[in-house]
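Numbering starts at 1 and runs along the sequence shown. Whatever order the structure lists ligands and atoms in, that order sets their numbers, starting from 1.
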Amino acid sequence: SKDAFSWEEYLKETSSIPAPPSCFRQARVPPSNDFKVGMKLEAHDPRNSTSVCIATVMGLTGVRLRLRLDGSDNSNDFWRLVDSSDIQPIGTCEKNGDMLQPPLGFRMNASSWPMFLLRTLNGAEMAPATAFKKEPPRPQQNSFKPGMKLEAVDKKNPYLICPATIGEVKGDEVFIMFDGWRGAFDYWCKCESRDIFPVGWCSLTKHSLQPPGNSVNLPKNLQTLPASPSKPSRRSMQSPYRLPNPLPPLPVRKGVRGRRPKSET
Ligand code: MLY
């Protein structure tokens, strides 16, 4: 459709280039998502990464899974790629001589954990080992450059993937800037983060891609720039500088329209 976000047009409008796929720790050919809602698996507790818990697939979006730890509340869902090393088939933990742990904030008394676990796994549909894909290797080095475009998870709204720009590169880290959001959602992450993707990833994996926001987006040192002379061509116009929103028209009093206030002297 006409209004849908198009990377091709957007890259032209912003005269920017996409970060090359080789920069990312993502599969060049995205894996298939063979999970089903309701399947159970083992997952590292995001709030306590040393413990491995039971999780249930609550939803599928592209190559990502919406997960909920069994025994946790419904307000701590998290998202993982099917090729994340944070997830594994049920039985992996025991095979490694470890014990499944209750999630942080387990909603029952700790003493009821063994029975809870037994009941949780009894008759559960377990995700097959074939659904878990091997995590891609880390990129050799941080090859991102400021200004490169990408698709990135909004960590404050982690179900969303959005157009973003590399703002800074420092060691093995990159600063992710969300296009059109005035810096409110920006963050630093490792270049090998699983939350950043090459341009086209969402389209390839059938994940929805948010359009850029419509706020001004200026480099930190120019955020108080006065109105610039030219007009932005459309909402998504982005780099390198964007105009502040136009000022609303001045209120006009009835009867005095067009008249100048009398001079004081
Ligand atoms: N309702 C939220 C959504 C913001 C999403 C921003 N992402 C796409 C960068 C808000 O307006 O705060």
Side-chain angles (χ1 to χ4, degrees), residues 1-19 23-26 30 46 58-68 73-81 84 144-170 173-223 232-246 248:
S1 77
K2 245 192 273 139
D3 269 18
F5 174 73
S6 152
W7 267 120
E8 192 177 275
E9 290 174 28
Y10 188 63
L11 290 171
K12 270 189 215 144
E13 283 174 3
T14 59
S15 347
S16 49
I17 59 154
C23 292
F24 297 87
R25 188 177 199 178
Q26 300 295 351
M58 305 306 291
L60 314 171
T61 167
V63 187
R64 301 167 83 210
L65 307 172
R66 175 180 183 152
L67 300 174
R68 184 174 302 167
D73 52 54
N74 59 8
S75 60
N76 290 291
D77 287 358
F78 57 103
W79 281 256
R80 290 293 177 268
L81 289 160
S84 165
F144 288 103
K145 299 281 172 277
M148 286 177 167
K149 297 286 184 193
L150 68 157
E151 299 177 4
V153 171
D154 171 357
K155 292 208 202 227
K156 292 184 180 167
N157 306 276
Y159 44 92
L160 299 177
I161 300 185
C162 319
T165 307
I166 300 293
E168 263 182 83
V169 179
K170 209 169 196 174
E173 299 209 334
V174 288
F175 190 61
I176 305 299
M177 297 172 66
F178 287 89
D179 286 28
W181 288 95
R182 293 177 179 257
F185 300 90
D186 299 356
Y187 58 81
W188 283 96
C189 67
K190 299 270 185 212
C191 64
E192 73 250 34
S193 167
R194 303 306 317 281
D195 286 337
I196 57 177
F197 307 92
V199 163
W201 175 268
C202 283
S203 159
L204 268 177
T205 61
K206 299 178 173 68
H207 192 292
S208 69
L209 177 65
Q210 295 301 114
N214 55 14
S215 296
V216 286
N217 206 336
L218 294 170
K220 276 195 202 85
N221 57 327
L222 291 174
Q223 272 171 11
S233 65
R234 67 176 269 233
R235 177 189 56 74
S236 60
M237 198 62 186
Q238 166 81 132
S239 302
Y241 312 114
R242 292 181 58 202
L243 290 169
N245 293 323

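- Shown in contact with Cys162 at under 4.0 Å from a heavy atom are these atoms of ligand 1, numbered in order with element: 8 (C).
- The protein non-hydrogen atom at the shortest distance from atom 3 (C) of ligand 1 is Asn157 ND2, 4.2 Å.
- Around NZ of Lys155, the count of heavy atoms belonging to other residues, nucleotides or ligands within 6.0 Å exceeds 12.
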Next item on the list: Run the numbers on Asn76 and Phe78 for side chain to side chain contact (heavy atoms under 4.5 Å, CB included), then give the verdict.
Entry: CA-CA 6 Å; Asn76 290 291; Phe78 57 103; over 6 Å; no
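- Nearest protein neighbour of atom 12 (O) of ligand 1, counting heavy atoms only, is Phe185 CZ, 3.7 Å.
- Trp181 CZ3, 3.9 Å is the protein heavy atom nearest to atom 11 (O) of ligand 1.
- Once rounded to the nearest 0.5 Å, the distance linking CG of Leu204 with CD of Gln26 reads 11.5 Å.
- Taking every non-hydrogen atom of Asp154 and a distance limit under 4.0 Å, the qualifying atoms of ligand 1 come out as 5 (C), 6 (C), 7 (N), 8 (C), 9 (C).
- Under the 30°/60° scheme for interplanar angles, the aromatic rings of Phe197 and Trp201 are found to lie parallel.
- Residues Phe178 and Cys162 approach most closely at CD2-CB, 3.7 Å, considering heavy atoms.
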